[in-house]
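Protein chains get the first letters and strands the later ones, always in sequence-line order, with residue 1 at the start of each. Below, all heavy atoms of this structure are taken into account, side chains as well, without hydrogens, waters or symmetry copies. In this text, all values refer to a predicted model and were calculated from it rather than measured experimentally.
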2 protein chains.
Amino acid sequence: MDGAAIVAWNLRRLRVPRGLSQEALAVDAGLDRSYIGRLERAVENPTVQTLDKLAATLSVRLIDLVMEPGAMRNAFIPMLK
Amino acid sequence: MDGAAIVAWNLRRLRVPRGLSQEALAVDAGLDRSYIGRLERAVENPTVQTLDKLAATLSVRLIDLVMEPGAMRNAFIPMLK
DNA sequence: TTGTGACTTACAGTCCGTC
DNA sequence: TGACGGACTGTAAGTCACA
């Protein structure tokens, strides 16, 4: 699983539960609607600057966009410790 | 601290202790020496594909390159548990 | 061993669409 | 609402010479 695929997976994981459409996310992040779609299909190779914008818009940290599926298992969750 | 600065910081943090020069890392990752230097000075805005190459070369995960200074505090370090 | 400027080529990202 | 395409522009990728 390469970086683009990981980002794609996280983008969907974070966007959908927030009830945001691709277009709404695009507008909020100052990006293009069709570009967001391509990111989620893992056909684009974003820069860290783009990831920064998306992380800020989704109110998450940069690392939350490059976290691999399954990594949640080892996540540090205070209330569980 | 933006994404480029975070990557720059992590690159130095991971490269130096391994006793690698910028040039050695560049060769191993299939990148140019001067480009590595610019990444470490945060004057470049790398794509995830570039980060992928570097992570593979350094034998770390993608998230280890976008981890913020201070986040090590919460890192999962088995020998400390 | 690294920083830096100059340069060309490849592609990130935009904007217009259709289905 | 999202998948997908074409044409375009800005900038990252990649190389080299020199301090």
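In this structure, of dG13(C), dT2(C), dA3(D), it is dG13(C) that holds the atom nearest to the side chain of E44(A). With distances taken from any side-chain atom of K53(B) to the nucleotides dT14(C), dG14(D), dA12(C), the minimum falls on dG14(D).
Crowding of R38(B) atom CZ: a count of heavy atoms from other residues, nucleotides or ligands under 6.0 Å exceeding 12.
The distance between atom CD of Q22(B) and atom C1' of dG14(D), rounded to the nearest whole Å, is 16 Å. Between the OH atom of Y35(A) and the C1' atom of dA12(C) there is a distance of 5 Å, given to the nearest Å. With rounding to whole Å, L39(B) atom CG is found 11 Å from dG3(C) atom P. A straight line from CG of D32(A) to P of dG2(D) spans 14 Å, rounded to a whole angstrom. The nearest whole Å value for the distance from the CD1 atom in I36(B) to the P atom in dG3(C) is 11 Å. Atom-to-atom, CG of N45(B) to P of dA10(C) comes out at 20 Å; the value is rounded to the nearest Å. Between R18(A) atom CZ and dT1(D) atom P the separation is 18 Å, expressed in whole Å. Here the C1' atom of nucleotide dG3(C) and the CD atom of E40(B) are 12 Å apart, to the nearest Å.
Within 4.0 Å of G30(B), counting heavy atoms only, lies no atom of the nucleic acid at all.
A donor-acceptor contact shorter than 3.5 Å links the side chain of R18(B) to the backbone of L14(B). Checked by atom type and distance alone, the side chain of D64(A) never pairs as donor or acceptor with a backbone atom of V60(A) at under 3.5 Å. A distance-only check finds a donor-acceptor pair linking the side chain of D52(B) to the backbone of G3(A) [under 3.5 Å].
When all heavy atoms of I63(A) and V66(B) are compared, the closest pair comes out as CG2-O, 3.0 Å.
Of the nucleotides present, none pairs with dT1(D) by Watson-Crick or G-U wobble criteria with both distances under 3.5 Å.
Looking at heavy atoms from C-beta onward, P69(B) lies in side-chain contact with M1(B) at the 4.5 angstrom threshold.
Residues N45(A) and T47(B) bring a donor and an acceptor atom of their side chains to less than 3.5 Å of each other.
For T47(B), no side-chain nitrogen or oxygen approaches OP1 or OP2 of dC11(C) to under 4.0 Å.
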Sub-3.5 Å pairs of nitrogen or oxygen atoms, protein against nucleotides 4-9 of chain D:
| residue | atom | partner | partner atom | Å |
| --- | --- | --- | --- | --- |
| dC4(D) | OP2 | R41(A) | NH1 | 3.4 |

